[in-house]
Amino acid sequence: MKKIIRLTLMLIGLTVACILMGCSSSSDPKLENVTLEKDDKYSCTFEDIEHEFVVSLPQESKNAPLIVMLHGAGDSAENFRLTSGFDDDALPKGYAVCYVSGTVNTKAGRNYRSWNYGRIEADYNDVGFIKALVNYLVDEYSLDEDHVFCAGFSNGGFMNFRLALEAQDTFLACVSVSGDLCKTLWDNRPEKNDVGMLAIYGELDEAVPKNLDDSAKTALDPAIEDVMDYMASSNGLEKQSESEIGDGSTICKYGTDSDKDIVWSVVVKEGKHGWPTEDLNSFSANELILEFFENWR
């Protein structure tokens, strides 16, 4: 009997130690049925839902930092890889990049891929899927689990705000281009946060509620300016600088006197709902995102 008691206490001690050390449970959902479709494109399932992802690796991939890229509603991993041109800028800097396709939510009557960013669709677990995907990629390609980032456009940008709040154990920093934080998450936001955040949005972007044009007064979601103030204050940061970028756009950086800036907010001059490029906006979203992530390298 005493031996059984000792063994039980040992198991309890090991379990508590594992929890304190942040060990993942063997019961955590994992990717299944990972299959190479063609070139660098894979299919998989997570909790019986089908997904696709495309992997791009730098020349030296071992211990490479990882960037997860989330497309806008109706798009795909392959097309986002093509239209963003992100590989051309990220791979030479040593980053591994994974473009991911969202869920076709047939329960909501949709026939296109999108992300469950927290507003109404609680019937599929995209936060869990993305975290499981990161775990798979880190193990499969021997990537740096301590340097994992995410970026997304539009619906994928909305999803990045959710990840910044709900996947703090996975991502160092997230980027939202033409996205915002939905009201459901805003109303239940944590007091503390330690995920860096870069938001890029246009002055004329009708999808992003803003104080600057009073669009937030009639919007369901909070003003992006208030969201970014929260992202900074929840990280214990204050505004450090405001300067011009590109052709009249503005970048605000939040940080502390002793640390690098880890929350940035960019307002694109006369920008609409889009991914800024050098040709259209006199600055590149790709280059700015990579410059932001360099704060952690």
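No experiment lies behind these values; they were computed from the predicted model shown.
Note: N235 CG to I262 CD1 = 4.5 Å, rounded to the nearest 0.5 Å. A distance of 6.5 Å separates CD of E270 from CD of E203, quoted to the nearest 0.5 Å. One distance of note links CG of L181 with CD1 of I224; it measures 8.0 Å at 0.5 Å rounding. A distance of 10.0 Å separates CG of D180 from CG of L185, quoted to the nearest 0.5 Å.
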Residue pair K269, D247: steps toward the side chain to side chain contact (heavy atoms under 4.5 Å, CB included) verdict: CA-CA 7 Å; K269 179 69 174 178; D247 187 13; over 6 Å; no
Run the side chain to side chain contact (heavy atoms under 4.5 Å, CB included) test on M159 and V127 for me, step by step, so that the C-alpha distance in whole Å, both residues' side-chain angles and the decisive distance to 0.1 Å come before the verdict. CA-CA 9 Å; M159 188 65 196; V127 173; 3.7 Å; yes
Go through the steps to decide whether F86 and I289 satisfy the test side chain to side chain contact (heavy atoms under 4.5 Å, CB included), and finish with yes or no. CA-CA 10 Å; F86 198 72; I289 290 168; 4.1 Å; yes
Might you work through the side chain to side chain contact (heavy atoms under 4.5 Å, CB included) test for F53 and M69, ending with a clear yes or no? CA-CA 10 Å; F53 61 92; M69 297 286 285; over 6 Å; no
Working note: E37 + S43, criterion side-chain hydrogen bond (donor to acceptor under 3.5 Å, both in side chains); need CA distance, chi angles, decisive distance, verdict. CA-CA 7 Å; E37 300 292 337; S43 62; 2.5 Å; yes
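At a threshold of 4.5 Å between non-hydrogen side-chain atoms, the residues F161 and S176 count as touching. Using a 4.5 Å cut-off on side-chain heavy atoms (C-beta onward), V195 and L172 make no contact. Looking at F283 and S249, their side chains come closer than 4.5 Å, going by heavy atoms from C-beta outward. Side-chain contact between V267 and L212: present, with at least one pair of heavy atoms (C-beta onward) separated by less than 4.5 Å. Side-chain contact between E225 and Y201 is present, with heavy atoms from C-beta onward closer than 4.5 Å. Inter-residue side-chain proximity for T250 and V266 is flagged as unmet; no heavy-atom pair is nearer than 4.5 Å. A 4.5 Å side-chain heavy-atom check between F292 and I200 finds every atom pair outside the cut-off. The closest side-chain heavy-atom distance from L163 to I130 is below 4.5 Å.
For E166 and R162, the salt-bridge test passes: some basic side-chain N is under 4.0 Å from an acidic carboxylate O. Between R81 and E78 there is no salt bridge, since no side-chain nitrogen of the basic residue lies less than 4.0 Å from a carboxylate oxygen of the acidic one. For the pair K183 and D187, the salt-bridge criterion is met [side-chain N within less than 4.0 Å of a carboxylate O].
Both V175 and Y254 belong to a common hydrophobic cluster when Ile, Leu, Val, Met, Phe, Trp and Tyr are linked at side-chain heavy-atom distances under 4.5 angstrom. In the hydrophobic clustering of ILVMFWY residues, with side-chain heavy atoms under 4.5 Å counting as a link, M228 and F171 come out apart. In the hydrophobic cluster analysis, where Ile, Leu, Val, Met, Phe, Trp and Tyr join through side-chain heavy atoms closer than 4.5 angstrom, L57 is grouped together with Y136. V268 and L290 end up in the same hydrophobic cluster when Ile, Leu, Val, Met, Phe, Trp and Tyr side chains are linked at under 4.5 Å. Grouping the Ile, Leu, Val, Met, Phe, Trp and Tyr side chains by contacts below 4.5 angstrom, directly or via other members, places V138 apart from W296.
With sequence neighbours excluded, the residues that form a side-chain contact (heavy atoms from CB on, under 4.5 Å) with Y112 are A73, R110, S114. Taking the salt bridge (charged side-chain N to carboxylate O under 4.0 Å, His left out) definition, one finds that D139 meets it with nothing, sequence neighbours left out.
Of all heavy-atom pairs spanning L70 and F80, the tightest one is O-CE2, 3.4 Å. The minimum heavy-atom distance between G118 and T184, with the atom names listed, is O-CB, 3.4 Å. Summarising the geometry of D221 relative to C182, their closest heavy-atom pair is OD1-CA, 3.4 Å, with the distance given to 0.1 Å. Smallest separation of non-hydrogen atoms from L288 and I251: CD1-CD1, 4.1 Å. The shortest non-hydrogen separation linking L165 to P190 is CD2-CD, 4.2 Å. Taking each heavy atom of D75 and R113 in turn, the nearest pair found is O-CB, 3.9 Å.
A salt bridge (charged side-chain N to carboxylate O under 4.0 Å, His left out) with K131 holds for exactly one of D169, D126, D28; it is D169. For the ring pair (Phe, Tyr, Trp, His ring centres under 6.0 Å) with H51, the lone residue among F46, F129, Y99 that qualifies is F129. The only option from N286, N281, L280 that meets the side chain to side chain contact (heavy atoms under 4.5 Å, CB included) definition with S284 turns out to be N286. The only option from W115, F153, F158 that meets the ring pair (Phe, Tyr, Trp, His ring centres under 6.0 Å) definition with H71 turns out to be W115.
Figure legend: R297 and Y95 shown as a cation-pi pair, the cationic atom lying under 6.0 angstrom from the six-membered ring centre and within 45 degrees of its axis.
For E238, the CD atom sits in a loose shell: 12 or fewer heavy atoms of surrounding residues, nucleotides or ligands are nearer than 6.0 Å. Around atom CD of E242, more than 12 heavy atoms belonging to other residues, nucleotides or ligands sit under 6.0 Å away. Applying the 6.0 Å contact sphere to CD of E140 captures more than 12 heavy atoms from other residues, nucleotides or ligands. Other residues, nucleotides and ligands contribute over 12 non-hydrogen atoms within 6.0 Å of the CD atom of E47. Annotation for K93: atom NZ does not count as buried by contact number, only 12 or fewer foreign heavy atoms lying within 6.0 Å. Heavy atoms from other residues, nucleotides or ligands lying under 6.0 Å from CD of E145 number 12 at most.
For D279 and T277, the side-chain atoms include no donor-acceptor pair closer than 3.5 Å. Side-chain polar atoms of W186 and D226 form no donor-acceptor pair below 3.5 angstrom.
Relative ring orientation between H147 and F149 is described as tilted, the plane-to-plane angle lying within the 30° to 60° band.
Without hydrogens or angle criteria, D144 side chain to D146 main chain gives a donor-acceptor distance under 3.5 Å. A side-chain donor-acceptor contact under 3.5 Å links S76 to the backbone of N79. Panel note: side chain N193, backbone A164; a donor-acceptor pair is recorded below 3.5 Å. Between the side chain of K210 and the main chain of D205, a donor-acceptor pair closer than 3.5 Å is present. Distance alone, capped at 3.5 Å, places no donor-acceptor pair between the N135 side chain and the K30 backbone. One N or O on the side chain of T35 and one on the backbone of N33 form a donor-acceptor pair closer than 3.5 Å. In this structure, S178 contributes its side chain and S154 its backbone to no donor-acceptor pair below 3.5 Å. Listed for the E52 side chain is no donor-acceptor partner under 3.5 Å among the backbone atoms of S101. Counting only distance, with no hydrogens or angles, the side chain of S234 and the backbone of M231 share a donor-acceptor pair below 3.5 Å. With S233 contributing its side chain and Y230 its backbone, the two residues share a donor-acceptor pair below 3.5 Å.
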